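Working notes, structure below.
This one's a predicted model, so the numbers in the text were calculated from it and none came from an experiment.
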Amino acid sequence: MSLAKQIGPIRKAWYQWKAIRFPWRKRFLVGLDLQGNTYWEFRLTRGDPNTSPDSRFRRIVKYPRSTHYSDVTVSPQWHQWLRYQRSTPPTLEEQAADVARQERIKLLAAEADARWEAKPSLMDAPGQKKGQPVPPLNTSRTQPQERATKESPTRKDDPWKRAARSGAPGETWQPEAWSPTPTRKR
């Protein structure tokens, strides 16, 4: 969802005007999020923040009037900015990329749940066919397009298969008796 399509030209111009840091202003617009919340910086008094604690910048969020207080959500990036854990506010592109990442994680979690349900369980009755066939993992829907278009070079000699064929040293290892060597007298 793009916020630029939702904001009209008059409101966009008003937001740009409020974001300009004039010396006589106490309150500045810092940014917007995808839900329509606006984020502001202000200070109670002008002056040096080192000498007066009231002159340091405070950070707040303002919600749209139509939003009920229980429906307010603040993204993690903006929450970090509000708590001074982040110095620069997040961009709209960064927020959109985070939403896309969350959608990919939801798809991967749903596929993992389906694969888990398809596997046999200890609760299945003995002698019956256990579970359902395991569906293949569909990564084309969950990976970004630029990753899907890149072809990875295929190896003819897989090191894991080679190790399984040759028998790893740990497969045949047995502990041996050990007795320490006597120390030399000085």
Side-chain angles (χ1 to χ4, degrees), residues 1-8 11-12 15 30-40 59-176:
M1 149 167 117
S2 175
L3 188 63
K5 293 179 183 175
Q6 295 177 355
I7 297 177
R11 181 162 292 200
K12 186 175 181 180
Y15 283 156
V30 176
L32 309 162
D33 66 2
L34 298 176
Q35 288 82 24
N37 301 330
T38 56
Y39 296 87
W40 299 80
R59 295 176 175 179
I60 60 170
V61 58
K62 288 197 170 188
Y63 320 113
R65 290 183 187 166
S66 61
T67 305
H68 192 269
Y69 285 128
S70 63
D71 297 334
V72 171
T73 56
V74 176
S75 68
Q77 293 93 357
W78 278 112
H79 192 77
Q80 290 173 349
W81 181 82
L82 286 169
R83 302 286 180 220
Y84 292 94
Q85 296 173 346
R86 179 184 180 132
S87 58
T88 59
T91 62
L92 287 174
E93 292 81 22
E94 183 180 353
Q95 295 174 50
D98 189 53
V99 169
R101 181 192 60 83
Q102 289 174 2
E103 291 300 321
R104 282 195 311 269
I105 288 175
K106 286 178 186 177
L107 279 173
L108 287 173
E111 288 181 2
D113 287 344
R115 289 178 62 83
W116 181 263
E117 288 295 323
K119 287 187 177 183
S121 170
L122 292 175
M123 301 300 291
D124 292 337
Q128 293 181 355
K129 188 174 181 180
K130 297 181 180 180
Q132 303 169 3
V134 179
L137 190 61
N138 185 6
T139 58
S140 63
R141 292 186 322 176
T142 58
Q143 298 299 322
Q145 291 298 333
E146 54 267 8
R147 288 186 190 166
T149 58
K150 293 180 184 175
E151 293 185 21
S152 61
T154 57
R155 289 187 176 175
K156 294 179 182 178
D157 188 26
D158 187 17
W160 294 104
K161 289 182 182 178
R162 185 174 8 113
R165 278 181 288 178
S166 65
E171 298 290 329
T172 59
W173 181 81
Q174 291 293 324
E176 297 175 359

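The closest donor-acceptor contact from the side chain of N37 to the backbone of T73 lies under 3.5 Å. Q77 contributes no side-chain N or O that, together with a main-chain N or O of R86, makes up a donor-acceptor pair within less than 3.5 Å.
For the pair G36 and P64, the tightest heavy-atom approach, listed with the atom from each and the gap, is O-CG, 3.6 Å.
Scored by the ring-ring contact (aromatic ring centres under 6.0 Å, His included) test, W40 finds no partners at all (sequence neighbours excluded).
Considering Q35, R83, Q95 as possible partners of W78, the one that fulfils the side-chain contact (heavy atoms from CB on, under 4.5 Å) test is Q95.
If you take CZ on R101 and NZ on K106, they are separated by 10.5 Å, rounding to the nearest 0.5 Å. We find the CG-OG1 distance between L32 and T91 to be 12.0 Å, quoted to the nearest 0.5 Å.
Under the 30°/60° scheme for interplanar angles, the aromatic rings of W81 and Y39 are found to stand perpendicular.
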